[in-house]
Amino acid sequence: MADGSYLKGFGVTFKKLFEDRVTGDYRGGKGLEKGKPDEKRPKADRLHGRHVLNRYEDGMEKCIGCELCAGVCPAKCIYVRGADNNPEAPTSPGERFGYVYEINYLRCIHCDLCVEACPTQAITESKLFEFSFTNRSDAIYTKNELLVGDDGKPQQLPWEDWRDGEDTMTSGWMRATSPAGDHRYEGVVHWAGELGYGLRDPETGQSAEANDDEGARPAASSVEHG
Amino acid sequence: MTAVENEKSTVTVTLNGVEIEANPGELLIDAAERHGTYIPRFCYHSRMKSVGMCRMCLVEVDSGRGPALQPSCMIPVGEGMTVDTESEATKKAQDGVLEFLLINHPLDCPVCDKGGECPLQDQTVAFGPGESRFVEEKRHYEKPIPISDTVYLDRERCILCDRCTRFADDVAGDTLIHFMDRGNSTQVNTFPDEPFASYFSGNTVQICPVGALTAKPYRFKARPWDLEETISTAWIDSVGSRVTIQSSRNQVLRLLGVDADSVNWGWLSDKERFGFEALNSEDRLTAPMVRVDGRLEATGWAPALAAATDALRDVDPARIGVIGGARLTNESQYAWTKLAKGVLGTDNVDAQLGDGLPVEAVLGLPRATINQACTPGRTVILVGPDPKEDLGALFLRLRHAVVNDGTTLIELTPTRTGLSTIAAHSLHPKPGEVDLLAAALVDAVSGDAHDAAGVPANAIAAAAASISGPVTVVLGRASVAESAAVTVDAAIALSQLEGVGFLSALRRGNVHGALDMGMAPGLLPGRVPLRAGCDAFDQVPTEVGMDTIAMLEAAASGDLDVLVLLGSDPLSDVPDADLAERGLAGAGTVIAVEMLPNASTLTHADLVLPAAAPTEVDGTFTNLEGRVSVAEQKVTPPGTARADWMIAAELALRLGADLGVESPESIRAEIAVVSPVHAKLTETALADGRVEGVLISGSSIEAPTASGSTTPANDAYSLRLVAARRMYDNGTMLQASASSAGLAASVKVTLNPTDFEKLGLDAGTVVKVISGRGELMAPLAADFGVPAGSAMIPTNAPGSNVNTLIDASASVTDVRVERA
């Protein structure tokens with residue numbers, strides 16, 4: 001402390017007093033009414049925001065109620081229960097579907113381990129974090145709120161502040177990571193088709209190894225797609 | 001082998017460079033595991049014969065001719081054997097076997113109930129290659145097909161380990177599932193139109209090393225990491241099978257068998273395994289109820305207890321009766337005995353419903369354990385119900401002993417049983433005459449063979465000649481249509497055999513605990529008679545009280561002011577429906593302490609107090625050997641339901657007495673002091689006997705004395721009734737279990753086909769069965785296992801209850817069968 005380094009810290013604070021606020025143009029939706037600018041800062045592609053539960057192109061839910069997300073969650077904020085699909089009108093492909101799906105946003109730390117654990121890419125995160133609650137039960141999102149709408153986009157709930165473009169590419173983070181962390185599959189493997197978006201191209205250029213180690217990649221034909 | 005080696009009691013094997021001592025004849029896989037080296041396996045199961053199907057347990061073994069890969073589940077240890085479970089060759093074999101097993105495995109782990117607790121998953125991670133080279137199409141089958149009412153089969157996931165089929169063939173004896181087809185199409189399946197309708201099908205789900213067999217009650221209910229578990233005791237029957245109770249979010253979801261060497265070996269009957277469903281039933285009583293204008297209406301505990309106290313206060317003790325109590329834990333039974341005998345002063349307490357045996361026959365004869373009965377070279381004489389129907393886990397133990405260990409089984413039963421096919425001698429006396437047959441068998445042992453009870457002398461002589469080693473008599477009521485005195489007389493006759501021990505086959509959950517805790521007329525806690533007294537009780541009744549039948553008779557004639565039904569349903573279970581109805585109607589106030597409403601509660605109870613279930617209380621249960629084992633609370637009771645001992649303590653307090661009980665532990669401590677036989681039941685002993693339990697032995701009850709009753713001859717036109725229990729019946733608990741309720745077969749009258757001609761009837765005909773007491777209508781069925789002259793009707797079957805035909809005061813029941 002004798003070196004006066006704490007003064008340096010005060011210096012940073014003092015300097016910031018005279019800089020423009022980065023949130024200057026954001027007024028939480030109230031600015032527009034008053035004719036003032038009301039804009040959010042651009043967010044990173046892989047920002048971890050509010051979750052969505054995706055659906056396949058045919059509208060079936062991707063969630064199979066396997067509870068891997070709940071099992072891996074370090075904050076224990078996810079509660080899932082599976083149930084038997086009705087063979088006549090299945091909710092998801094296969095035998096099992098997510099009958100209960102709840103996320104408690106008072107506990108969620110947006111670490112995205114659930115997204116990594118999901119074997120069907122059912123749960124991904126949007127870039128929305130501007131949502132607030134006035135009671136505990138509102139903070140628990142159920143399947144009704146988390147499931148994407150018929151256009152494949154997240155439902156815009158009244159207490160959430162969505163702006164144009166924020167509801168697209170909700171699976172951006174997921175798509176930027178190679179399966180099982182194996183860079184050899186980068187640029188090769190598609191993610192399962194999504195309602196509203198179909199089958200997107202595999203992403204490339206995410207890991208340094210992939211660029212160095214081109215020869216190790218298996219031939220595209222030998223890898224199971226989707 | 002030299003003489004020196006012959007004397008050695010162990011075999012020395014070098015396991016991964018370390019010398020270990022193994023037992024001669026022990027399998028290598030077991031010896032290695034005992035010494036801390038786990039060899040991966042799928043098909044090997046310590047309670048079944050090895051088959052070497054899966055090849056997962058290949059290890060490099062050198063028995064003097066150089067190292068070679070051998071399946072460690074198929075080779076017994078040999079002196080000087082060198083074993084390497086971590087060599088390159090072993091690793092390569094394990095990699096290869098797992099890659100091969102996974103070729104056709106669908107890897108649908110996320111939707112599979114086994115995912116998270118799957119030996120195939122675990123061992124692939126621990127011993128597997130990590131990647132597969134298989135890129136071709138996998139084999140496909142229709143996804144889960146129900147092979148029984150409780151079990152689903154997914155053939156895609158099956159790795160053909162032969163565990164379930166071996167269990168069905170070798171352990172249960174229900175050869176209903178088999179391998180079919182050949183090569184890549186090999187699959188496990190049932191025969192067409194023949195479901196895997198085994199009472200033990202749930203065990204195949206537990207031992208399946210993949211998710212090929214899954215149980216309907218647990219299907220998609222939870223994942224393994226959701227579950228919390230505790231070791232407890234099954235409460236459905238009196239075997240006291242050790243189980244793991246697994247729950248999630250305060251709901252019991254699954255029971256698994258625990259391998260207790262002295263009890264159930266890890267096996268459970270489906271009734272034990274799936275019976276927990278009843279405890280989750282929506283019909284569970286959640287609040288006290290009181291009858292207002294003929295209808296039961298919910299009320300609070302305070303008014304309910306006040307009403308109960310008002311009914312009990314200042315009543316002549318002889319006019320109070322308590323029926324039931326076999327559902328309760330030992331601690332609750334003690335509390336209720338203390339309330340009834342010590343506070344209220346009545347000896348009219350009976351945990352059995354006229355369908356059991358007198359106390360002397362259970363506690364007054366030398367007792368045997370299951371392990372003693374199943375010791376190789378001994379003889380078991382069955383005088384009682386079909387263990388397959390009544391005591392599933394005991395049936396599996398007996399079956400194993402007879403089939404594999406050379407135990408001789410002699411049946412003295414009125415009809416064929418589930419053990420008949422393996423019994424050395426299956427003698428079927430006329431109903432009500434098993435005492436004569438037992439006496440004849442004893443006579444034959446001493447060289448004087450003669451005809452008895454319709455069984456020819458030569459058959460009795462042959463059975464007597466086959467008796468070897470000490471005898472264990474499995475003793476129970478084969479038919480509730482004959483009086484208990486007949487069974488007792490048979491037991492007295494057989495007790496003359498040398499080295500005889502008796503294994504009680506009373507079926508109700510904790511009925512043996514109830515007897516140990518004094519819930520029978522003339523009995524006090526600790527297997528002592530009334531005259532022995534009890535220091536912990538304020539008073540002890542001086543006169544021996546009434547049993548259930550006598551209580552109901554007294555109630556019917558207006559001599560019972562208060563009748564407490566402690567988890568009992570006299571209308572369905574007392575083998576005299578007419579008497580039960582008159583008794584319940586004639587009793588003053590009927591107080592029921594119940595988990596689920598039953599026929600008697602719904603129609604006759606004036607006051608219903610909701611009780612906690614066995615998974616909702618701490619305590620202990622006593623099994624048919626007298627073995628005490630822990631039952632642990634896993635979930636909370638629904639609504640305001642309470643443990644039975646709390647209800648007894650509350651009632652006592654309101655009656656101005658203090659039972660002095662605060663917790664199950666404090667009650668247990670009092671039992672250990674009060675009871676002359678429970679002194680060794682300490683908390684330390686219970687903790688040490690976490691799996692095996694604590695065997696309580698000794699008794700001050702005198703042996704029964706012969707009744708001297710004789711069975712009247714029946715006339716040529718009538719058939720003698722056998723009313724035997726079936727595993728699935730119309731019982732309240734079973735009917736509240738969603739997946740098992742439908743398994744109860746509707747009522748049938750089974751006759752020997754030779755009787756059909758005599759009666760001019762045919763199988764399938766609906767007949768009217770008439771006794772002196774009543775009549776019922778049911779279709780006829782044919783079975784050569786029912787001797788000619790007998791008619792077999794299951795008890796409490798859906799449709800009509802056979803107890804409408806039975807007169808509890810008669811020694812046998814004769815019926816006429818007529819075209820309806």
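Remember, predicted model here, so these are calculated numbers, not experimental data. Below, chains carry the letters A, B, ... as their sequence lines are ordered, and counting in each starts from 1.
Using non-hydrogen atoms only and a strict 4.5 Å limit, the part of residues 144-164 of chain B facing chain A consists of B:Pro144, B:Asp154, B:Arg157. Among residues 186-205 of chain B, no residue has any heavy atom closer than 4.5 Å to a heavy atom of chain A.
Within 6.0 Å of CZ in B:Phe100 there are 12 or fewer heavy atoms belonging to other residues, nucleotides or ligands. Within 6.0 Å of CG in A:Asp150 there are 12 or fewer heavy atoms belonging to other residues, nucleotides or ligands. The number of heavy-atom neighbours closer than 6.0 Å to NZ of A:Lys43, taken from other residues, nucleotides and ligands shown, is above 12. No more than 12 heavy atoms of other residues, nucleotides or ligands shown are found within 6.0 angstrom of NZ on A:Lys153.
Residues satisfying the side-chain hydrogen bond (donor to acceptor under 3.5 Å, both in side chains) criterion with B:Arg254, sequence neighbours excluded, are B:Glu117, B:Gln246. Residues passing the ring pair (Phe, Tyr, Trp, His ring centres under 6.0 Å) test with A:Tyr105, sequence neighbours excluded: A:His51, A:His110, A:Phe131, A:Tyr141.
Between B:Ala222 and A:Glu67, the shortest heavy-atom contact is CA-OE2, 4.0 Å.
Ranked by heavy-atom pairs under 4.5 Å with chain B, the first of A:Asp84, A:Val80, A:Ile64 is A:Asp84.
Within the 3.5 Å criterion, the main-chain N or O of B:Cys112 finds no donor-acceptor partner in the side chain of A:Arg96. B:Arg223 contributes a side-chain N or O that, together with a main-chain N or O of A:Cys66, makes up a donor-acceptor pair within less than 3.5 Å.
Contact of B:Arg219 with chain A is made through the side chain alone, with heavy-atom distances under 4.5 Å. Contacts of A:Tyr79 with chain B are made by side-chain atoms alone, with heavy-atom separations under 4.5 Å and no backbone atom involved.
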